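To keep things clear, I will list the structure first and then write my remarks on it.
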Number of protein chains: 4
Amino acid sequence: MATDDGTRATKGRAPHRRDENARLAVLHATDDLLVERSFNGLTIEGIAARAGVAKQTIYRWWPSKVDILLDTLIEDAGRQLPVPETASALENTRRYLRALARFLTKDPAGMVLLALIGEAQHDPAMAKTFHERYLDPQRQTEREMLQRGIDSGEFSPALDTEAARDALTGPIIYRALTGAKIPRTFIDTLITNTLEKHLA
Amino acid sequence: MATDDGTRATKGRAPHRRDENARLAVLHATDDLLVERSFNGLTIEGIAARAGVAKQTIYRWWPSKVDILLDTLIEDAGRQLPVPETASALENTRRYLRALARFLTKDPAGMVLLALIGEAQHDPAMAKTFHERYLDPQRQTEREMLQRGIDSGEFSPALDTEAARDALTGPIIYRALTGAKIPRTFIDTLITNTLEKHLA
Amino acid sequence: MATDDGTRATKGRAPHRRDENARLAVLHATDDLLVERSFNGLTIEGIAARAGVAKQTIYRWWPSKVDILLDTLIEDAGRQLPVPETASALENTRRYLRALARFLTKDPAGMVLLALIGEAQHDPAMAKTFHERYLDPQRQTEREMLQRGIDSGEFSPALDTEAARDALTGPIIYRALTGAKIPRTFIDTLITNTLEKHLA
Amino acid sequence: MATDDGTRATKGRAPHRRDENARLAVLHATDDLLVERSFNGLTIEGIAARAGVAKQTIYRWWPSKVDILLDTLIEDAGRQLPVPETASALENTRRYLRALARFLTKDPAGMVLLALIGEAQHDPAMAKTFHERYLDPQRQTEREMLQRGIDSGEFSPALDTEAARDALTGPIIYRALTGAKIPRTFIDTLITNTLEKHLA
DNA sequence: CTATAATCGAGACGGTACGTCTCGTCTTTAC
DNA sequence: GTAAAGACGAGACGTACCGTCTCGATTATAG
């Protein structure tokens, strides 16, 4: 509300260019339909109808339905999945993994992430975009989270952050992909096994 | 019961004569096309054309392309991914995880598994079948591998086989899903971290 | 009745070759289905199912569904549509045309004839067979009916039997084809207009 | 109303823009293919391919191939088969019947009419549409042609126009349906027999 | 009194066309 | 120059029948 964030929020009516209302209607319709009908039931025509928007308006701004989902994911993940920086590295990691588990199993945006991981298996070109726009930056963020622990002396420099990141997030994401529960103790055990020997 | 030769099945009365050549042609064509064109480029019409088979012949025996892939996966995974039983439980596990990594990154059938995990994110009904026909039995097999270590006294009874299985396979599968390398040291570290404290 | 007509009539049980029960079951099933579902709804598979007969058994004896219909038509038309020979040529003609109108509008076999006339418009090869096996002999029979009137002196030798035949049967068949009623007076007027000036 | 240029149609409000080129391409392709391959060899896929049009474009505007043929028939019959009004009623009738015979035996659109009469025998629902859209109006037009002769005093009021129409057109159409020749003398005889006694 | 040969029910098979769905492009009209 | 509307070419979907082809099993004659 306060300082008007870049896009200008179309107060009253759009000035002349891209219709912000249409953009939001598309993103919300996509989210809703993904939850209701799953990825395979999600079609551009369905999104257009639900959003009350012409198909061409979607194609003007997004190359495919995957790109719409990527946009919602990046917006939502940035908001729902920040890396905590307030406590110790160990505790930050624990909090982050718990948030990740919650995000994947409870948040509709988590379903978007799972769907995109799925689609990456089906389309190599899409996989490339997905890596560039989401997976690689996300991985980098997570490695930095661990790296900060090394830098502060909390973790041993011998810790392989790349390997540790996958040892920690891999089981959580795999459980989400297979619809399995992810209890706190499961996360705690992962952290203990992966990080305890590197604690100073 | 007694002399039961190879084919079995047709005891007493012919099950009305499915063409084994057609069945194999479809499975092989599907495998080939998945590698060549990816899951999204895989069509029933394409499979039929490549296999030299009528579309209806496919629909007669498989409800969808996913079911064809499941059949090839189950056949190939059974062959390529046996649980070793010759060495210690620890060593068997190591060998199994290495075979899994190789299967996922090198074997065409590993690509089938990744594609099916992907599709399970897009279609809940398919996910159910996939769990029943592949994931659940596979998970059970893997848990039994660890359980035999407990039974023989090699692992502590405190080992949670369900959690350990996911801590071991989760990172490997996640790396395969994201196209990352899976070096031996990565696997060895997983095993060490997950199992060492439960070694007798 | 008397001297056993060639086929031998399968008393008790077929002697060795063609199964007369199957033949009749096919003919009856075809007739029934034509009435129930119309020509376009008539399929070899449907006939086989209704007759309780294998598809191959039909193909063994008839090249197509049209040939089955031709068989039933020839059998039924011969029975239902004899040329009367008992009265004067004029009266015989009147009776024949009335029987023709009744056959076409009331008898299921009349529907077979209309269907075959229809199919002849759709398939030139079929039209040829149809002419050879039904239309030409039938036309010949009808011309002979008129010719007998000339021979006996009842009609003038100037009567063009070919043209008269079509002037008489054409309107009746056309009305049947268009589902129109064919009252007696319509037939009587046709006869009067076509034949009266050639009456001796 | 005033300056109305060639295309007209879109007055006031666009009827939402059907592609006239596509429409004509379909009608012509259908005509051509009917002549080349007969009704049974005519397929929607074949028409689409020949017309260079997507199958869906055909289905958007026509429910079936029969409806395409009806459209071509109505357009062509209106053009090729006008009721002459310049001479006496008797002469107009003669000219009309000659044009009808020529239309049925020489004009490709005549083949369309024969095919549709044929198809009406195979499909009751189609027969209904065919009557409503072509046969009934056509019959009405032909009766009016005769009625004008009565009105002008050329024909006796006792003339049954319905019966006379069928007595005249029935034999011509029947001959066309059976592939027979239709010489002028045949038509002249029909006219003489049917109408002479009603001439004033 | 076998065997041989043809028929029969059953139904899988390679095909073709069906009518539907959704894609991504395009064109028109209105604001 | 963006937007709603929607026709268009393209092509895969899953279904219905086509006509051909085994596969046992049945059964009357011919050896």
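Side chains included, hydrogens not; waters and symmetry mates left out as well; all remaining heavy atoms used. None of the values given here were measured: they were computed from a predicted structure. Per chain, numbering begins at 1; letters A, B, ... match sequence-line order.
- For D:Ala29 against D:Arg50, the heavy-atom pair with the smallest separation is CB-CG, 3.5 Å.
- Of all nucleotides listed (F:dC8, E:dC18, E:dG24), F:dC8 comes nearest to the side chain of D:Asp19.
- Computed from coordinates, the D:Asp67 CG to E:dC18 P distance equals 14 Å when rounded to whole Å.
- In this structure, the side chains of B:Leu70 and B:Phe130 come closer than 4.5 Å at one or more pairs of heavy atoms.
- Taking only side-chain nitrogens and oxygens, D:Arg60 comes nearer than 4.0 Å to OP1 or OP2 of F:dC8.
- Counting to the nearest Å, the P atom of F:dC23 and the CD atom of B:Glu20 are 15 Å from each other.
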Check: Are A:Asp71 and A:Arg133 close enough, and set up right, to give a salt bridge (charged side-chain N to carboxylate O under 4.0 Å, His left out), and what steps lead you there?
Finding: CA-CA 9 Å; A:Asp71 273 11; A:Arg133 294 196 55 200; 3.0 Å; yes
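- The separation between A:Trp62 atom CH2 and E:dC23 atom P is 15 Å, rounded to whole Å.
- A sub-4.0 Å separation between OP1 or OP2 of E:dG9 and a side-chain N or O of C:Thr57 is present.
- Across all non-hydrogen atoms, the minimal contact from D:Ile58 to D:Ile47 is CD1-CG2, 3.8 Å.
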- Task: Step by step, work out the side chain to side chain contact (heavy atoms under 4.5 Å, CB included) result for B:Glu119 and A:Asn40.
- Result: CA-CA 9 Å; B:Glu119 186 61 6; A:Asn40 281 349; 2.7 Å; yes
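- Classified by interplanar angle (parallel below 30°, tilted 30° to 60°, perpendicular above 60°), the ring pair B:Phe39/A:His122 is parallel.
- The base of E:dT7 does not come close enough to the side chain of C:Arg18 for any donor and acceptor atom to sit less than 3.5 Å apart.
- Below the 3.5 angstrom threshold, one finds no donor paired with an acceptor across the side chain of A:Lys55 and the base of F:dG6.
- Distance D:Glu45 CD to F:dT15 C1': 13 Å, rounded to the nearest Å.
- In this structure, the nucleotide among F:dG19, E:dC18, F:dC13 sitting nearest to the side chain of D:Thr43 is E:dC18.
- Each end of the helix from E:dC1-F:dG31 to E:dC31-F:dG1 yields a helix axis from five base pairs, and these two axes differ in direction by 10° (to the nearest 10 degrees).
- Map D:Lys65 and C:Ala54 each onto its nearest nucleotide of DNA chain E; the residue landing nearer the 5' end is C:Ala54.
- Rounded to whole Å, atom C1' of F:dA10 lies 17 Å from atom CD1 of D:Ile44.
- Nearest-nucleotide positions on DNA chain F place B:Leu42 closer to the 5' end than the other of C:Tyr59 and B:Leu42.
- With distances taken from any side-chain atom of D:Ala22 to the nucleotides F:dC17, F:dC8, E:dC23, the minimum falls on F:dC8.
- Within the 4.0 angstrom heavy-atom criterion, only backbone atoms of the sugar-phosphate kind lie near D:Gly52; the bases stay farther away.
- In this structure, C:Ile58 places its CD1 atom 15 Å from P of E:dT7, rounding to the nearest Å.
- Put simply, B:Trp61 has a side-chain N or O that comes within less than 4.0 Å of OP1 or OP2 on E:dC13.
- Between the CZ atom of D:Arg17 and the P atom of F:dC8 there is a distance of 9 Å, given to the nearest Å.
- In this structure, C:Ile47 atom CD1 and F:dG19 atom P are separated by 11 Å, rounded to whole Å.
- Contact detail for A:Thr57 and A:Ala22: the closest heavy-atom pair is CG2-CB, 4.5 Å.
- Heavy-atom nearest nucleotides on DNA chain E were determined for C:Gln56 and for B:Arg23, and the one closer to the 5' end corresponds to C:Gln56.
- Geometric assessment of B:Arg18 against the ring of B:Trp61 yields a positive cation-pi assignment under the 6.0 Å and 45° thresholds.
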